[in-house]
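Every number for a ligand or one of its atoms is a count from 1 in the order of the listing.
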Amino acid sequence: MSHPLEELRDNALREIESAHDEKALDNIRVRYLGRSGSISAWGEQMKTLGKDEKPIVGKLLNEVRNALTAAIEERAQKFRVQKESDTLATIDISLPGTPNEIGSLHPLHQMHERGIQIFRRMGFALAEGPDVETEWYCFDALNTPPDHPARNEQDTFYLSDGRLLRTHTSTVQIRAMECAPPPLRVIASGAAYRRDEVDATHSAQFHQIEGLYVDENVSVADLKGELEFFLRELFGFETEVQFRPHYFPFTEPSLEVYVRSKALKRGEHWIEVAGCGMVHPAVFEAVNKARGDKAYDPDKWSGYAFGLGMDRLAMILFDIPDIRLFAQNDLRFLKQFA
Ligand code: DAH
C-alpha cells in the first residue's frame, strides 16, 4: 500500500500536467506548496510522529516537495516558451522592413561642389572667411567710400557692435591677400546677406562663388576666357557668354556677366550670373597698408576678380523657378535632387 504522501504527489502531478494556463498552475502551487497548503500541513504533522517514522516520512516529504516544485517549474517554463512563440507567430517576417531615411546634399551644396570642382581643375585654391565681418573687409579695403549706398543701414544687416553680415563674398579677396603674397589664385564659396525685399529671385541670404587671380600681366582677356570656360563647363558647350560694362568700386574696368543657352530650359533669355573686373589699384594699396609691406605693388601685379551668384547658377542648372525654395526645407523639393 502506498503512503498518503505518495498519493498526494501523484494527484498533484496529474493536476500540474493538466493545468491549462499560468493562473491554474499558480492555484495548484498555492494549494500544495503555499503556506497553508497540503505540504506545509504535512510538515506540521511531522511533529506528532514517532521516532521511527519521522526520518522516513521526513525524507519522503522532502522528495515529494522537490518533485512538485520541479514539475511546477517545468510546466511554467512550457507556458513561457509557448507565450513567446505565440508572440513571434504574430510577426510577419516576410514584410519589408522600415528603411532608414538617407539624406541627400542640398542643391546649393551640390552647386557649390560642382563649381569648386571646375575651378580646382583650373588651378584655383579654396579660401574662406567669416559671415560676420568688419566694415574694413566688406567695404573700406574694397575701395567703397563711407557714403556709398551699399553701406546704408537700409541695405545691410549691422550688429550692435558695428560689425555686419557680409553683403558679398568679396571680403575673402582681402583676407586671402592679407595672408599670402602674389601670385594668388583663389576662390571662396559661401553665404552673403542683404536687406532685400524677398521674392522669387531675391532673398535676404544668398550665396556666391568669389574668385581672385593676381599675377604679372593678368588681363581682361584672361578674365573673359576663364569665366567663359567655367560657364561652359557648368552649363554645356553651347552656352553663350556676354560681358556688359558696369561699375563696382573695387574693379576697373568692371563688367557684368550674362549667359544664354538653347540647351537650358531656363536659359532662353540672357541671365545675369556674375559681376567681375580688374582689381582696382586702391584695393592693392589697402591690402599693402594692412600687411605693412608693398607685396601687392600695383605697378608690378595685376589681377581679376569675380563674384558668381550661386543661387542663380543653381536655379539655371537645376531648373528651379523660385529662390525661396532653397530655404523652405520642403522635402518634396529637396528629394528631387537626391
Ligand atoms: N561683390 C559683387 C556683388 O556682390 C560682385 C563682384 C563684382 C565680385 C566684381 C567681384 C568683382 O569680385 O570683381 O555684387
Side-chain angles (χ1 to χ4, degrees), residues 115 119 122 124-131 133 135-145 148-152 155-157 164-178 182 184-196 201-215 218-228 230-231 241-259 271-287 296 298 301-313 323:
F119 280 122
M122 295 164 69
F124 286 85
L126 197 55
E128 58 179 7
D131 290 20
E133 268 293 6
E135 289 199 278
W136 165 257
Y137 288 108
C138 204
F139 300 126
D140 297 313
L142 286 162
N143 195 35
T144 308
H148 192 278
R151 305 182 70 146
N152 197 305
D155 290 321
T156 303
F157 295 106
L164 47 87
L165 296 182
R166 65 181 180 192
T167 57
H168 51 185
T169 48
S170 301
T171 52
V172 187
Q173 290 184 31
I174 306 302
R175 289 184 171 274
M177 286 192 280
E178 280 184 5
L184 194 66
R185 200 171 171 79
V186 291
I187 45 163
S189 160
Y193 309 83
R194 283 177 207 170
R195 278 184 194 264
D196 257 337
T201 53
H202 295 88
S203 169
Q205 179 186 337
F206 54 100
H207 304 81
Q208 295 184 321
I209 302 178
E210 189 77 18
L212 172 70
Y213 173 42
V214 182
D215 208 329
V218 178
S219 73
V220 177
D222 296 313
L223 167 60
K224 290 176 71 176
E226 298 198 6
L227 271 183
E228 217 169 283
F230 170 79
L231 292 165
V241 182
Q242 198 178 69
F243 293 84
R244 301 183 191 171
H246 198 72
Y247 171 78
F248 296 107
F250 35 91
T251 42
E252 179 57 38
S254 302
L255 303 158
E256 271 185 337
V257 189
Y258 286 74
V259 292
I271 304 173
E272 187 225 321
V273 290
C276 64
M278 301 304 292
V279 179
H280 198 293
V283 173
F284 285 147
E285 292 297 5
V287 168
Y296 284 86
W301 304 97
S302 53
Y304 71 63
F306 57 83
L308 287 150
M310 189 151 57
D311 309 74
R312 279 269 169 94
L313 298 182
I323 196 172

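- Shown are Leu231, Leu223, Leu308; of these, the side-chain contact (heavy atoms from CB on, under 4.5 Å) with Val257 is made only by Leu231.
- With contacts defined as side-chain heavy-atom distances shorter than 4.5 Å, the pair Met177/Tyr296 qualifies.
- The distance criterion of under 3.5 Å between nitrogen or oxygen atoms is not met by Gly275 with respect to ligand 1.
- Near Gly277, with a cut-off below 4.0 Å to any heavy atom, the atoms of ligand 1 are 13 (O).
- Annotation for ligand 1: atoms under 4.0 Å from non-hydrogen atoms of Gln173 are 10 (C), 12 (O).
- Heavy-atom contacts of Phe248 reach the following atoms of ligand 1: 7 (C), 9 (C), 14 (O) (cutoff under 4.0 Å).
- Between the side chain of Asn143 and the backbone N or O of Val283, no donor-acceptor pair lies under 3.5 Å.
- Within ligand 1, the atoms closer than 4.0 Å to a non-hydrogen atom of Cys276 are 7 (C), 9 (C), 11 (C), 13 (O), numbered from 1 in the order shown.
- Shown here is Glu128, whose CD atom has no more than 12 heavy atoms of other residues, nucleotides or ligands within 6.0 Å.
- Here the protein heavy atom with the shortest distance to atom 8 (C) of ligand 1 is Gly307 N, 3.3 Å.
- Phe250 CE1, 3.5 Å is the protein heavy atom nearest to atom 11 (C) of ligand 1.
- The proximity of Tyr304 to ligand 1, defined as any non-hydrogen pair under 4.0 Å, does not occur for either the backbone or the side chain.
- In this structure, Arg194 is part of the shell of residues with a heavy atom less than 4.0 angstrom from ligand 1.
- Side chain to side chain, Tyr304 and Glu226 meet the donor-acceptor criterion of an N or O pair below 3.5 Å.
- Using a 4.5 Å cut-off on side-chain heavy atoms (C-beta onward), Trp136 and Ile174 make contact.
- Under a 4.0 Å criterion applied to the non-hydrogen atoms of Thr251, ligand 1 contributes the atoms 13 (O).
- Proximity of a side-chain donor or acceptor of Arg151 to a complementary backbone N or O of Thr144 within less than 3.5 Å is detected.
- In the vicinity of Glu210, heavy-atom distances shorter than 4.0 Å reach the ligand 1 atoms 8 (C), 10 (C), 12 (O).
- In Ser170, the part holding a heavy atom less than 4.0 Å from any atom of ligand 1 is the side chain.
- The two residues Asp196 and His202 make their nearest non-hydrogen contact at OD2-CD2, 3.9 Å.
- Remark: the backbone N or O of Ala188 is not paired with any side-chain donor or acceptor of Glu210 at under 3.5 angstrom.
- Within the structure, ligand 1 has Gln208 among the residues with a heavy atom less than 4.0 angstrom away.
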